[in-house]
Amino acid sequence: MNILVALLLSLGSALLVELIFRLLKSGADPRSVLTYSPVHYLPVSAIAGLPQIRWVSFFAFRAVPPSLIMLLLAAVLNRYLPELPVYPYTLLVAILTTAPRSGFLVFARRSLPAERGIHAACVALSFVAASLVALLDKNPYLVQLAPDFSGLIDNLWSSLFAALLVVLYFDSSRLTKNDKSSERRQPSTYIVHWFEKLSSVHGERISAKTNDDVLLKLIVYSILIVENYNRPGWMRKVENLVVRLPHTELTVGIAQVRSSRPLSDAASIDLAIDKIRNSLKAHNSSDGLNGVPKVPSGVLEDYNPSDDYREMVTEVFYDLIRLKPSAFGIASPL
């Protein structure tokens, strides 16, 4: 009977954590980072928004509510069911609260690698919290945290104080900075930043390899910007380690070209340019209107058949024309 009561308390604790998250989410809006979408490539606006996230606040947002509720559960168990160990029930709360919110998404194939990493960190934080709370089991001070159920009706002032603490936490856990410069931040920021960075590192190679073909250069830079976001440097290093295994073939390098051997970013760019050039010849690309190049969808489909991928690269393609026309020798930007 006592075990059943403890299980029900654990389930109630998990539901309480979910209610707290739903309450805070309405204002803190963590969905800009972790809302799962079946779209593999995020929109440009989401990419531009990521550098604005206050990561300490975000992980506090995910760790503090379950930690407090697990601490409350441990106190209740120690006071009213002292014969039961705390750890199995705090661990159950950790599982129930992370499985639907982050646990399943760690293994979601269409989640971005960075997104899966964040979910994994949230799961780990919850399990660490469950373990730390369990270390307080049978601590005499822990019992004092448990509420006296016989006097709860008279504790209205305590409830008001608790509500005030929730409001303060809600305000401090906002994930984005609300200054005016952040509100004016445009999706173009990320594109311009990475175009200039890629140009400084690989610009000469790309210009020489493409013979300064405007359309070819635009496609190459658009693909590199998208792929660099979805496969950051550390991920590319891991892929280059994995591809060393026998009979293994992956997309590797900053340009994400398929290979059975490790590739440097420079080598992957060379192979990507050759592939895109051959595809352009096969698709008889047009020059566009008023001297402004038109992105050939067939070329992007040859590179990656995903509709979401083509949409993402196309958006970056035209943003580069609009934002950096002189870099490609275009006199009439969009």
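If you check the side chains of Tyr87 and Ser131, you find a donor sitting under 3.5 Å from an acceptor.
Salt-bridge check for Lys275 with Asp302: failed, with every basic side-chain N at 4.0 Å or more from each acidic carboxylate O. Under 4.0 Å is where a charged nitrogen must lie from a carboxylate oxygen, and between Lys324 and Asp319 no such pair does.
A heavy-atom distance below 4.5 Å is found between the side chains of Leu280 and Pro296.
The shortest heavy-atom contact between Asn2 and Leu84 is O-CD1, 3.6 Å. Of all heavy-atom pairs between Ala74 and Val133, the closest is CB-CG1, 3.6 Å.
Rounding to the nearest 0.5 Å places OG of Ser268 at 9.5 Å from CD of Glu227. Considering CD1 of Ile191 and OH of Tyr229, their distance stands at 12.5 Å, rounded to 0.5 Å. To the nearest 0.5 Å, the span separating CG on Leu241 from OG1 on Thr248 amounts to 12.0 Å. From Ile273, atom CD1 reaches atom NZ of Lys217 across 10.0 Å, with rounding to the nearest 0.5 Å. Taking NE2 from His202 and NZ from Lys209, the interatomic distance works out to 14.5 Å, rounded to the nearest 0.5 Å.
A parallel orientation is assigned to the rings of Tyr309 and Tyr303, their planes being inclined by less than 30° (bins at 30° and 60°).
Apart from Val201 itself, the hydrophobic cluster it occupies contains nothing, where clustering links Ile, Leu, Val, Met, Phe, Trp and Tyr at side-chain heavy-atom distances under 4.5 Å.
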Is there a side chain to side chain contact (heavy atoms under 4.5 Å, CB included) between Asn304 and Leu300 once you walk through the steps? CA-CA 6 Å; Asn304 188 318; Leu300 299 183; over 6 Å; no
Verdict with supporting geometry, Arg205 and Asp270, salt bridge (charged side-chain N to carboxylate O under 4.0 Å, His left out): CA-CA 8 Å; Arg205 171 180 293 272; Asp270 288 345; 2.6 Å; yes
